[in-house]
Amino acid sequence: MERSIYLDNSATTYTDPEVLEEMLPYFGQVYGNASSQHFFGRDALKAVDAARERVAKAIGCKPSEVYFTSGGTESDNWAIKGIAYAHADKGKHIITSVIEHPAVIKTCNALEKEGYEVTYLPVSNEGIISLDELEKAIRKDTVLITIMTANNEMGAIQPIREIGAIAKKHSVVFHTDAVQAVGNLPIDVVKDNIDLLSMSGHKFYGPKGVGVLYKRNGLKIARFMDGGEQERNLRASTINTPAIVGLGKAIEIAVANMQKNNERIAKLRDYFVSQVLEKIDDIYYNGPKDTAKRLPNNANFSFEYIEGESILMHLDMAGIAVSSGSACSSGSLEPSYVLLSIGVPIEVAHGSIRFSFGKNNTKEEVDYTVEQLVKTVKILRELSPLVKIIKGEDKYV
Amino acid sequence: MYNDKVKEAFANPKNVGYIEDADGVGKVGNAACGDIMEISLKIKDDVIVDAKFRTFGCAAAIATSSTATEMVKGMTVDKALELKNSQVVEELEGLPPQKIHCSVLAEEAIKAAIEDYKSKKK
């Protein structure tokens, strides 16, 4: 039997059939432009408004604070550049961390070229920033702190509420990239002191190509796209009604089932991790060991002496889909900067695999994956000239 | 991204291992870059009679190691010195552009092994 096991849920999830069903009318009968004044438009707008309310309810904000975008990357770009530009009179300093998603890091890099200064906070060997270091990094000209809620590679959860409190105390705007967190972790933007938050629909069983930027009312931000007056004249572009409807339905389902799904997924993940640690030697379990500080769906391992893409390809041939932190999968020469930041040695970081679980994975799938992984690691280590070198038994060195 | 020939060479590589009484050994690449290739050769009367490899690297690195060792078996050392990475790529019916460096590594490993042999012979 051909296997097809999906353990890459942090890359994307399938669109829930219930979500898809809710979206379908908005490709067909209700095709109006939500900005049109006639009844076609009004029907579409009604659906968009309902989705906005669902999002607001899910993260504890007002519907007027929800801005629909094309996805997590746009939300991150808009939040960071929009705040930097709108508050440039106060200063040009931004604080972020070394383990942010490229959508944040590269945006900060781009601002540096425009004369902004960026502090990239280091993280502990479990991938968590230090609140002391954060507070020390704040300057008079700091306009923005942008720290992710949870890391996409090794699942570390940041102390968002405390970060928000520090930002508030110093009157600095706080943005969080919550793309991996929404649907997996409870979020309350008011209690968590969050000024701006990015999310992406396809990470929680919604459609691709749609995201949200939450922005606290009253906070000044520069427009991201020029054009029409959509999204309270801040984000031009025709409203993507079907996708927005889908995101709204998806977040509602995700929040309603969060606890139940998380318990099941975390149990499966913990079982997987314990099996792997028991059956395979010479590996690093990357990221927080304390499950309270880690996304319930994430497991990340580095397998010594072998390379990640080879592991990925063997698992792929066995019908298991995972993702690799190795340079070879991305075409770059450096392995994952996130793993290097938490102190994984460079040669070991090349052999890293992320397993991200979803709501449909089963224990039987985990057992099969462990079995195939053990086999793969054995095959590749037999091929590797490193095994003996590192263990000091190589007579040819 | 890989064609069937590359996948086959990766999944069922030939000539895996190390020749204990090798006449020439070449090792190229480094662990920090994520690629190490080691090729050992058994040579009789300047003809390569056996070739084995051990590789730390991606699927393309393993596939090119396997293919290159297959190709040089039976060749004279001088002929093997002329082996170009493009011939290895051709034998594999193509590699993704970002993986061409793996075939270069295979060429270099063969050359290093032969040079090791020649230096020992002197």
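Quick note on labels: first sequence line is chain A, next is B, and so on, each numbered from 1.
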Worksheet item: For atom NZ of B:K84, is the number of surrounding heavy atoms from other residues, nucleotides or ligands below 6.0 Å larger than 12?
Response: yes

Item to complete: Report the distance from atom CG of A:L380 to atom CZ of B:F10, rounding to the nearest 0.5 Å.
Response: 5.5 Å

Item to complete: Assign the ring pair B:F56 / A:H350 to parallel, tilted or perpendicular, where the plane angle (0 to 90°) is split at 30° and 60°.
Response: perpendicular

Discussion item. So, using ring pair (Phe, Tyr, Trp, His ring centres under 6.0 Å) as the criterion, who are the partners of A:Y14 when residues are at least two apart?
Written reply: A:Y205

Discussion item. Looking at A:K113, I want to see if its NZ is surrounded by more than 12 non-hydrogen atoms of other residues, nucleotides or ligands under 6.0 Å.
Written reply: no

Worksheet item: What residues form a side chain to side chain donor-acceptor pair (under 3.5 Å) with B:S40, not counting sequence neighbours?
Response: none

Worksheet entry | Main-chain N/O of B:A59 paired to A:E309 side chain as donor or acceptor, under 3.5 Å | yes

Fill in: Per-residue contact mode, B:P13 against chain A (heavy atom under 4.5 angstrom)
side chain

Discussion item. As an exercise, state the distance from CG of A:L386 to OG1 of B:T55, rounded to the nearest 0.5 Å.
Written reply: 10.0 Å

Item to complete: Sort A:M317 into side chain, backbone, both or neither according to what part of it lies under 4.5 angstrom from a heavy atom of chain B.
Response: side chain

Discussion item. Would you say NZ of B:K120 has more than 12 non-hydrogen atoms from neighbouring residues, nucleotides or ligands within 6.0 angstrom?
Written reply: yes

Response to the item:
Separation between NE2 (A:H314) and CD1 (B:I62), nearest 0.5 Å, reads 6.0 Å

